[in-house]
Number of protein chains: 2
Amino acid sequence: MKATIYDVAKEAGVSIATVSKVINGKGKISEKRRKEVLKIMERLQYQPSMIASALTGKKTYSIGLLVPDISNPFFSEIARSVEDQGHQLGYSLIICSTDNKDERIEKYIALLKQKKVDGIIIGTGSDQLDVLNSLSGTMPIAAIGREVPDVDMHTVVVDDYEGGRMAARHLLELGHTQFAVLSESLKLISSRERLRGFSQMLMEAGIEWSESMLKICDYRVEDGKRQALELFRQDSVPTALFCCNDMLAVGAYQAAKQEGIRIPSDLSVVSFDNTILATVTDPPLTSIAQPMEHMGKLCVDLLVDQLKIGNVAVMKQRVVLRPELVERHSTAPL
Amino acid sequence: MKATIYDVAKEAGVSIATVSKVINGKGKISEKRRKEVLKIMERLQYQPSMIASALTGKKTYSIGLLVPDISNPFFSEIARSVEDQGHQLGYSLIICSTDNKDERIEKYIALLKQKKVDGIIIGTGSDQLDVLNSLSGTMPIAAIGREVPDVDMHTVVVDDYEGGRMAARHLLELGHTQFAVLSESLKLISSRERLRGFSQMLMEAGIEWSESMLKICDYRVEDGKRQALELFRQDSVPTALFCCNDMLAVGAYQAAKQEGIRIPSDLSVVSFDNTILATVTDPPLTSIAQPMEHMGKLCVDLLVDQLKIGNVAVMKQRVVLRPELVERHSTAPL
DNA sequence: CTGAAAGCGCTTACAG
DNA sequence: CTGAAAGCGCTTACAG
């Protein structure tokens, strides 16, 4: 049987209260006793049960991470940084792939509540705010990479608007004048903002931009390809394409290849996210990088700070990080 | 305050034992009482605390997943299937990226023990078997995608040897005679087996194969590139390259591009794993697919079966799944 | 069919 | 500085 606090106490000839105190470094314990107890803990290979301490101490030292799909490179990279920072601070990570389905979101949230996780990081979208809203009252939550309007929580995002501008600026500097955009659903604030930044920048450059050059896709590569094909088969062919994420850019690559359009000589492509995919395509993608590592770390820090304060009603921060243009070889002068 | 079992019991005018029984469907309860209690649970929005039940009922309904790096596409795809099947069966998934470092492995394992997870799925390598061996005595564990010799646990792997053979056969059928291999460390059994299958097939075809055409890489794309460059700069240039995983193939692609070697016309490439990366490269990779979804599901099933039986000493299975050649466009007739 | 009571392994006032 | 005792929210024999 595994050693319990009772075994240690008995062996050391002290009370379990004393042992508990040396474990947690609380209260005053004479140095002599402390060392004795520590030695015995060592000898018995005693590891406190986190279950028992959770039941009394109120913390489980685990947090949940809600993402659409852990197998999507963007989210797996986010997950890695969240995991690392969490681990650093003593928290384990429970991953929850929601497929952006409300049903799965609700089920996972109920589960996380039952497991009494200390907090939840939300990287998934939901039309149904009720769930999140009711959450924010009862449990520390924070959002990463997603804006969730009207929900009171810490939020860490990249400056999507500025990212859109950067993409446009880069393309403009290369001399392009015929633009197209592949975007995810405009229900997502991030997509809207990227598009808005992009359009705004073009407008400032005096470029008019037609609605017909915007295609909305779901999140899959295939859909990116399909929409890109439609784009390429229209009358006016763009020379520059902005894709709202790397996955869509991959779809666009496939479409371009199929149509005999060469990147970057015929078509310059800028994508968003800068996941591993951006380094794997040929040519490698010029991408607006989200600082995923930084975002994960920061989000965990904010959440954990909130846990410590213990007050759910702390001032919530909205941290907006700067994106960065990573130039590779998918863009070229006109 | 959240409702507890006491609140429900009081409200229903029964004992907490009775409530417990209706929650768990154990024992005999009159239908009338059952319904009453259920109704009250509903009204109070009562959710049993999994912490408390874990402390008494002995199960936490969580499992740990040890992988080298969740941000690596292969492991994130594995994780997704493990998560889904686990969730299906009522288990949450705690992810642990080990970077294949013994120190991290040990720390994570200690943590998972303290959290009393019901079982651990091991997808990470370790030279230090002691840790795993001592584990296998105390807690249900299962391995996925890795062979860990001398440790008594369920194992789900792909037939690496056969995969290597398939790669060679495919290349032979295309008429190639000059082969090279990019492998991960041969400390990994899976790498050894892939190589062995590959060599064996060549040998059977009467092809002699020189040691100098084998390069060992670490797990990174950059290293794959570096080693591939060395390969390409040798006297005898191969026309067919087998890469032990998709990441290394990506490195090889980069090297080939740099050297002006065209794929597949100058060089045919077969990789292993068939992650998302294989679909993203240009040309898309012909890859020996591991049935990751099936592997994850199966591994969870085996582990959970073992949990139910409760007997750590059940007969351990070693399930070997067939790989599959997925032809894309990185291979061509000589 | 139902409930009183002990116990899971801790933490936390409180008293000394 | 140290310990007895209550309590966290459940489950599980056991008795009735």
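No experiment lies behind these values; they were computed from the predicted model shown.
- Comparing B:A17 and B:A52 along DNA chain C, the residue whose closest nucleotide (by nearest heavy atom) sits nearer the 5' end is B:A17.
- Taking all atoms of both residues into account, the shortest heavy-atom contact from B:L93 to B:G64 is CD2-C, 4.2 Å.
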Subject >> Pairing pattern in dot-bracket form [Watson-Crick, G-U; both distances under 3.5 Å; | = partner strand] for DNA chain D >> reply: |||.||||||||.|||
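- The CG atom of A:L55 sits 9 Å away from the C1' atom of C:dC8 (whole-angstrom rounding).
- When distances are taken from the side chain of B:S30 to each of D:dG3, C:dC8, C:dT2, the shortest belongs to C:dT2.
- Atom P of nucleotide D:dT12 and atom CD1 of B:I23 are separated by 11 Å, given to the nearest angstrom.
- Nearest to the side chain of A:T18, among D:dG3, C:dC10, D:dC10, sits D:dG3.
- Within the nucleic acid shown, A:I16 comes within 4.0 Å of at least one base atom, counting heavy atoms only.
- Summarising the geometry, the separation between OH on A:Y61 and C1' on C:dT11 is reported as 12 Å, rounded to the nearest angstrom.
- To the nearest angstrom, P of D:dA13 lies 11 Å from NZ of B:K21.
- Closest contact between the side chain of A:S49 and the listed nucleotides C:dG9, D:dA4, C:dA4 involves C:dG9.
- What separates CD1 of A:I29 from P of C:dT11 is a distance of 12 Å, to the nearest Å.
- There is a side-chain donor-acceptor pair under 3.5 Å between A:D69 and A:S71.
- A:D84 pairs in a side-chain hydrogen bond (donor to acceptor under 3.5 Å, both in side chains) with only one of the listed residues (A:R80, A:H87, A:Q88), which is A:R80.
- For D:dG3, neither phosphate oxygen OP1 nor OP2 lies less than 4.0 angstrom from any side-chain nitrogen or oxygen of A:Y6.
- No side-chain heavy atom of B:R33 sits under 4.5 Å from any side-chain heavy atom of B:V22.
- Distances shorter than 4.0 Å separate some side-chain N or O of A:K26 from OP1 or OP2 on C:dT12.
- To the nearest angstrom, P of D:dC8 lies 21 Å from CE of A:M50.
- Rounding to whole angstrom units, NZ of residue A:K116 and P of D:dC8 are separated by 13 Å.
- Rounded to an integer number of Å, the gap from NZ of A:K2 to P of C:dC8 is 15 Å.
- The side chain of A:R33 places an N or O atom within less than 4.0 Å of a non-bridging phosphate oxygen (OP1 or OP2) of D:dT2.
- For the residue pair B:E83/A:S97, the side-chain donor-acceptor check at 3.5 Å is satisfied.
- Between B:K297 and B:E293 no salt bridge is recorded (no basic side-chain N to carboxylate O distance below 4.0 Å).
- Taking 4.0 angstrom as the limit, B:S15 places none of its side-chain polar atoms (N or O) nearer than this to OP1 or OP2 of C:dA4.
- In summary, the side chains of A:Y108 and A:K113 do not present any donor paired with an acceptor at a separation below 3.5 Å, with no hydrogens or angles considered.
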